[in-house]
Amino acid sequence: MRVLVTGGAGYIGSIVAAELLGAGYEVTVLDNLSRGHRAAVPEGAAFVETDLADRQALDRLFREQAIGAVLHFAAFIEVGESMNDPAVFFRNNSANTLQLLEAMLAHGVDRFVFSSTAALYGNPRRVPIVEDDPLTPTNPYGESKLIAERMLFWLHDRLGFRYASLRYFNAAGATATRGENHQPESHLIPRILQVAQGRAQDIKIFGDDYPTPDGTCVRDYVHVLDLASAHVLALQALEERGRLIYNLGNGCGFSVREVIDAARRVTGHPIPASVHQRRPGDPATLVASSEKIRGELGWQPRHPGLDAIIGSAWEWMRRALA
Ligand code: UDP
């Protein structure tokens with residue numbers, strides 16, 4: 001089966017595209033290269049450079065290629081940016097998802113794997129978070145993804161559209177050939193590693209007055225290859241089932257300070273840190289229960305340790321971004 005991977009020139013999309021090829025799927029990558037890298041698109045994937053806002057280009061693609069399913073990664077992802085420019089997130093993440101879904105409906109493609117997020121949960125009432133917990137995003141990024149999830153719910157309910165929504169907690173780590181390379185970089189682990197690499201002076205800790213054990217935000221870091229295996233399982237499960245919603249995390253929370261300490265261990269660099277104001281929109285703690293996907297699809301993270309996750313990112317960064 002040929003699958004369409006939107007955002008397949010980006011960090012998670014390119015790694016999942018490579019895994020899909022390895023699992024025997026034919027892959028077409030669609031990306032507008034606004035944030036992605038052409039070089040990250042795996043060899044063996046067809047590449048279409050277009051924007052999801054271009055409906056004619058989507059119609060052409062679905063007419064010309066026998067696409068059996070779509071995995072939709074293309075999106076803006078930075079919480080801080082979403083707080084400053086909410087409209088662009090609703091345009092890019094919500095409206096463009098609708099555009100893609102309408103094109104799929106028009107061409108009879110009804111299998112969809114959606115990159116959703118822990119940001120849907122906002123400040124959770126309890127951790128670990130389960131999929132039925134309240135969805136109350138604290139930033140436009142999370143809201144833009146929630147709107148897409150609500151659209152998917154109704155397409156399934158009214159039209160039998162099949163979808164899996166995978167709510168990633170904090171994607172991290174790298175493969176031998178692909179890793180995280182956003183411009184500018186906002187994510188914690190790559191920013192810490194930039195300090196170890198001598199490309200930044202120190203790591204800024206955004207707030208140490210949160211209601212957490214050491215006052216810094218707690219997150220659940222999950223290896224990008226474990227996210228990739230979940231996508232393959234979800235795609236297979238859509239053969240039988242119509243609506244799947246799963247958290248993807250390791251069930252372990254690490255504070256910003258603990259992540260910095262782990263990076264010091266892995267790199268041997270002192271990594272100076274300084275405390276700054278909170279970053280608007282950040283929930284204090286996000287830790288996943290992933291019992292549902294473990295129980296229903298047999299998902300088993302293979303790289304759950306924080307040091308191993310950071311180690312893989314560090315190895316890749318030293319090779320690729322020297
Ligand atoms: N963070 C930080 N300094 C940085 C980047 C991030 O203190 O330079 C914090 C951020 O405020 C959040 C956590 O690290 O509490 C994870 O942020 P990231 O942007 O990596 O992922 P998010 O949780 O926003 O998806």
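Ligands are counted one by one from 1 in listed order, and the atoms in each one are counted from 1 as well. In this text the structure is predicted, and so the values were computed from the model without any measurement.
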Sort out the contact shell of ligand 1: every protein residue with a heavy-atom distance below 4.0 Å, listed by chain and number. Val79, Asn170, Ser186, His187, Leu188, Arg191, Ile203, Lys204, Ile205, Phe206, Cys217, Arg219, Tyr221, Val256, Arg279, Asp282

Applying salt bridge (charged side-chain N to carboxylate O under 4.0 Å, His left out) to Arg243 and Asp157, what does each step give before you reach the verdict? CA-CA 9 Å; Arg243 177 171 181 256; Asp157 189 79; over 6 Å; no

Looking at [X] and [Y], does any basic side-chain N land under 4.0 Å from a carboxylate oxygen?
X      : Y      : value
Arg126 : Asp133 : yes
Arg111 : Glu239 : yes
Arg278 : Asp209 : yes

cation_pi(Arg178, Tyr11) dist<6.0 Å, angle<=45: no

Under 3.5 Å, is there a donor-acceptor pair between the Ser290 and Asn247 side chains? no

